[in-house]
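Chain letters run A, B, ... following the sequence lines, proteins first, then strands; residues in each count from 1. Since the model is a prediction, treat every value here as computed from it, not as a measurement.
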Amino acid sequence: MAKSDPNTAEPAEVRSHFIREKIEADVRAGKHGGRVVTRFPPEPNGYLHIGHATSINLNFGMAAAFPGGICNLRFDDTNPEAEDVEYVDAIQQDIRWLGFDWGDRRYFASDYFQQLFDFAIRLIEKDLAFVDSSSLEEIRKQRGNFYEPGTESPHRGRSIGENLDLFRRMRAGEFADGAHVLRAKIDMQSPDLNLRDPIMYRIRKVHHHRTGDEWPIYPMYDFAHGLSDAIESVTHSLCSLEFVDHRPLYDWYLEACETEARPEQTEFARLNLNYTVLSKRRLLQLVEERHVSGWDDPRMPTLCGIRRRGYPPEAILQFCDEVGITKRDSVVDIGLLEHFVRDALNFGAPRAMGVLRPLKVVIENFPEGRVEELDAPFHPNDPSFGSRKLPLSRVVYVERDDFMEEPAKKWFRLAPGSEVRLRYACLITCTDVIKDPKSGEVVELRCTWDPDSLGGAPADGRKVRGTLHWVSAEHAVEAEVRLYDRLFKEENPSAGGGDFLASLNPDSLEVLSGCQVEPSLASAQSGDRMQLERIGYFCVDRASASAGKLVLNRTVGLRDTWAKEAKRASS
RNA sequence: UCCCCGGUCGUCCAACGGCAGGACAACAGACUUUGAAUCUGUGAAUCGUGGUUCGAAUCCACGCCGGGGAUCCA
């Protein structure tokens, strides 16, 4: 076998990228004392999705790639209005699930509110910040626009003493929301609008999920982020491309505050995937408007969603590595993710048999009451998985789709008169087709078996092309199966500024009840993954426990070249 | 009209002045008790125009195309 077991295999050769190269060069040059400290900085205002996995993998991965490297988890919780502990908990769970560990280095930007405040005082004392009492509209007007420079605030010339006094009183809660802001004194003429006297603090008398009502003022992202990095002695602050324009400001704050550590910001392109949306706003909308059952709906691109769907974390990591890190903004085919999911599950998931849409088959020359116990391996190419016994009896179920009354060409499954193999069991030949007299629907097949083919191999060695999955009717376990398809019909649901909900795929979920699966699955536990042979990979949904029945989620289907050919022939 | 970042097979990534290569997808075949997996093979790209150079995907200029940037969000 070319590929070995994923548990023992070397990780695929490490693909380099410009950030890894930069860090290597920095370490070689002894920059930042030769240390590597990164951080993953989620805002706790939403659930993590597959796009975040790129950043998590990068930040934790780079830290792990260098001796002594560390990666902090830091919640960027400077805007209490949207943030919540619910998200903090979920985010931690998702990162752990991906396999990363921040040790005891779980931080919050809000842990630094006092230090940040002190930095702000220092900037005022250096006459690099001032309290502006302009209204929101006035400040917006002062900022100018892309084509016109800004104008200085009339309060820009306040004395240091007055600024200090005002800012302290802002902190003390003496003023109403919006009465004043603290602004950095930079350059209203700058072509980079971020440098036009950006706001550092605003008054917001709202409850913070960690600091409670202690602070009536909250720092803005640009001020808080770089300084938080500096406080943590982060060396490499990796973020997405939309912050490129903020880098001069990031550096300005560090310089102005004369921080000891001088972290460097480097930007990379965030992940885009076709047939899905990856914006917090849209994901939140899907949840709130009940287009999906929740954040962990298996159709969601959230980490909890794909976890429930059955995607193994190592597949996601491999996907991240394969996609790489660049500054180009690109759209990755969801098929690549599915490839890695299949790849991981092919090696890691035991096989089982289950019939989604049962068609009854009576084996007429199989004695009533006889049960054959047949040995079937849990994995065709890995004996370490062991095997189980499959009971074979006179009545079995096969997949409805595996029978064609008028077979297509190159069809080698069941059809009147055709001989097929029941996997690991025996050869059967279809002798009769029984239909519902009213509807004409095929309701039962009558077959005969070759008793000398027990186990699936005919005594005379004749070739039988078709092999079908099946279950013994009297031994089968009933299950509900949820078939998932892509959530959106369009490659880019958000294209053209139109309503992304318009491209929601109405067939993204199909629930099948009355499915029949082999008895060994009766003991399957929530989260267990398996391949249902010839159909796809599945995992046991957490609803199984409460529903009192087996509920399986289809993680991803098997590649199906027959379906592809059939589709081509019909079109 | 301003600033910033990008443009390499259908898609994603590599090639760091010296044979444009890999992965996914596609296609053809081998093997097969999963029409899976595996194996073999095929087709498929440097945005354009100039310039520098013995030699340019790579450096320079101009153009074109795409993305981002004006919140008391991050």
Completion exercise
Ranking rC72(B), rC4(B), rA74(B) by distance to the side chain of Asp76(A), first place goes to rA74(B)

Handout entry: Whole-Å distance separating the CD atom of Glu565(A) from the P atom of rC27(B)
Key = 9 Å

Exercise for the section: Measure from CZ on Arg568(A) to P on rG35(B) and round the result to the nearest Å. Expected result: 17 Å

Exercise for the section: Could you check whether Arg143(A) gets within reach of a base, just the sugar-phosphate, or nothing at all, counting any heavy atom under 4.0 Å? Expected result: sugar-phosphate

Problem - Among rA37(B), rA70(B), rC5(B), the nucleotide that comes nearest once only the side chain of Lys327(A) is considered - result: rC5(B)

Problem - Donor-acceptor pair present, His246(A) side chain and rA74(B) base, under 3.5 Å - result: yes

Fill in the blank from the handout: Answer for the Watson-Crick or wobble partner of rU40(B), both distances under 3.5 Å, is rA28(B)

Practice task
Report the base-pairing partner of rA56(B) (Watson-Crick or G-U wobble, both distances below 3.5 angstrom), or none.
Solution key: none

Practice task
Apply salt bridge (charged side-chain N to carboxylate O under 4.0 Å, His left out) to the pair Arg15(A) and Asp321(A), showing each step before the final yes or no.
Solution key: CA-CA 7 Å; Arg15(A) 190 191 297 274; Asp321(A) 286 338; over 6 Å; no

Handout entry: Between rC73(B) (P) and Tyr87(A) (OH): distance, integer Å
Key = 18 Å

Problem - Distance, P atom - from rG18(B) to rG10(B), rounded to whole angstrom - result: 25 Å

Exercise for the section: Assert yes or no for the condition that the ring centre distance of Tyr311(A) to Phe340(A) is strictly below 6.0 Å. Expected result: no

Practice task
Compare side-chain N and O positions of Arg202(A) against OP1 and OP2 of rC73(B) and report whether any pair is under 4.0 Å apart.
Solution key: yes

Handout entry: Between Arg270(A) and Ser55(A), a side-chain donor and acceptor under 3.5 Å
Key = no

Exercise for the section: Ignoring the backbone of Glu322(A), work out which of rA23(B), rA74(B), rU34(B) is nearest its side chain. Expected result: rA23(B)

Fill in the blank from the handout: Pro191(A) has its side chain closest, among rC12(B), rC2(B), rC72(B), to rC2(B)

Exercise for the section: Provide, to the nearest angstrom, the distance between the CG atom belonging to Asp333(A) and the P atom belonging to rA23(B). Expected result: 17 Å

Handout entry: Pair partner, rC2(B) [Watson-Crick or wobble, under 3.5 Å]
Key = rG69(B)

Practice task
Taking atom P in both rC4(B) and rA61(B), compute the distance separating them and give it to the nearest angstrom.
Solution key: 13 Å

Practice task
Report which part of the nucleic acid Val244(A) touches: base, sugar-phosphate, or nothing (heavy-atom distance under 4.0 Å, all strands).
Solution key: sugar-phosphate

Completion exercise
Between Arg247(A) and Phe146(A), whichever has its closest RNA chain B nucleotide further toward 5' is Phe146(A)

Exercise for the section: Spell out yes or no: do the side chain of Glu338(A) and the base of rC24(B) have one donor N/O and one acceptor N/O closer than 3.5 Å? Expected result: no

Practice task
Quick one: label Asn79(A) by what it contacts on the DNA or RNA (base, sugar-phosphate, nothing), any heavy atom closer than 4.0 Å.
Solution key: sugar-phosphate

Problem - Minimum-distance nucleotide (side-chain atoms of Lys564(A) versus rA70(B), rG35(B), rA26(B)) - result: rA26(B)

Practice task
Go through rA70(B), rU33(B), rA23(B) for me and flag the one nearest to the Leu336(A) side chain.
Solution key: rA23(B)

Practice task
Can you figure out which of rG7(B), rC12(B), rC4(B) approaches the side chain of Asp245(A) most closely?
Solution key: rC4(B)

Completion exercise
Between Tyr201(A) and the options Phe130(A), Phe167(A), Tyr218(A), the ring-ring contact (aromatic ring centres under 6.0 Å, His included) test singles out Phe167(A)

Exercise for the section: With heavy atoms under 4.0 Å as the rule, sort Pro41(A) into base, sugar-phosphate or nothing. Expected result: nothing

Exercise for the section: Determine the Euclidean distance between corresponding P atoms of rC9(B) and rC47(B); express it in Å to zero decimal places. Expected result: 7 Å

Problem - Salt-bridge contact Asp251(A)-Arg247(A) (side-chain N to carboxylate O under 4.0 Å) - result: no

Exercise for the section: Considering only NZ, NE, NH1 and NH2 on the basic side and carboxylate oxygens on the acidic side, decide whether Glu399(A) and Arg534(A) come within less than 4.0 Å. Expected result: no

Fill in the blank from the handout: Of the candidates rA15(B), rA37(B), rG67(B), the side chain of Asp329(A) sits closest to rG67(B)

Practice task
Please measure how far the P atom in rC62(B) lies from the corresponding atom in rG67(B), and state the result in whole Å.
Solution key: 23 Å

Practice task
Record whether the side chain of Gln531(A) comes under 3.5 Å of the base of rU34(B) through a donor-acceptor pair of N or O atoms.
Solution key: yes

Handout entry: Separation of atom CG in Asn194(A) from atom P in rA74(B), rounded to whole Å
Key = 13 Å

Practice task
For Thr326(A), answer base if it contacts any base atom (sugar-phosphate contacts may also be present), sugar-phosphate if it contacts only those atoms, and nothing otherwise; contact means non-hydrogen atoms under 4.0 Å.
Solution key: sugar-phosphate

Problem - Whole-angstrom distance between rA45(B) and rG55(B), as gauged at atom P - result: 25 Å

Practice task
Classify the nucleic acid contact of Arg196(A) as base, sugar-phosphate or nothing, counting any heavy atom under 4.0 Å across all strands shown.
Solution key: nothing

Problem - base_contact_polar (rG35(B) base, Asp560(A) side chain, donor-acceptor, <3.5 Å) - result: no

Problem - Aromatic stack Tyr147(A)/rC2(B): centroid gap under 5.5 Å, interplanar angle under 30° - result: no

Handout entry: Euclidean distance for P, rU40(B) against rC24(B) (whole angstrom)
Key = 12 Å

Exercise for the section: Give a yes or no on whether a donor-acceptor pair under 3.5 Å exists between the nucleobase atoms of rU32(B), that is its base, and the side chain of Arg465(A). Expected result: yes

Exercise for the section: For a side chain to side chain contact (heavy atoms under 4.5 Å, CB included) with Arg183(A), tell me which candidate from Val131(A), Asn163(A), Ile139(A) qualifies. Expected result: Ile139(A)

Fill in the blank from the handout: Considering only heavy side-chain atoms of Glu43(A), the closest of rC12(B), rC24(B), rA74(B) is rA74(B)

Handout entry: Candidate pair Phe113(A) and His208(A), rule ring pair (Phe, Tyr, Trp, His ring centres under 6.0 Å), full reasoning
Key = CA-CA 12 Å; Phe113(A) 279 173; His208(A) 186 281; 5.7 Å; yes

Fill in the blank from the handout: The nucleotide from rU33(B), rA74(B), rA70(B) with an atom nearest the side chain of Arg423(A) is rU33(B)

Handout entry: Base partner of rA15(B), which must satisfy Watson-Crick or wobble distances under 3.5 Å
Key = none

Exercise for the section: For His469(A) and rU34(B), give me the distance from atom NE2 to atom P, rounded to whole Å. Expected result: 13 Å

Practice task
May I ask which nucleotide in the shown strands pairs with rA45(B), Watson-Crick or G-U wobble, both distances under 3.5 Å?
Solution key: none

Handout entry: rA44(B) to rA28(B) separation - C1' atoms, rounded to the nearest Å
Key = 15 Å

Practice task
Name the nucleic acid region contacted by Trp411(A), choosing base, sugar-phosphate or nothing; use a 4.0 angstrom heavy-atom cut-off, strictly under.
Solution key: base

Completion exercise
Ranking Glu533(A) and Asp177(A) by the position along RNA chain B of their nearest nucleotide, the one closer to 5' is Glu533(A)

Exercise for the section: Assess whether one donor atom and one acceptor atom, taken from the side chain of Arg559(A) and the base of rG35(B), lie less than 3.5 Å apart. Expected result: no

Practice task
Answer yes or no on whether Arg423(A) is positioned over the face of Trp470(A), meaning its NZ or CZ is under 6.0 Å from the six-membered ring centre and within 45° of the axis.
Solution key: no

Problem - Aro-ring/base stack Tyr221(A)-rA74(B), d under 5.5 Å, angle under 30° - result: no

Practice task
Could you check how far OH of Tyr250(A) sits from C1' of rG69(B), rounded to whole Å?
Solution key: 19 Å

Fill in the blank from the handout: In whole angstroms, the gap separating C1' of rU71(B) from NZ of Lys141(A) amounts to 17 Å

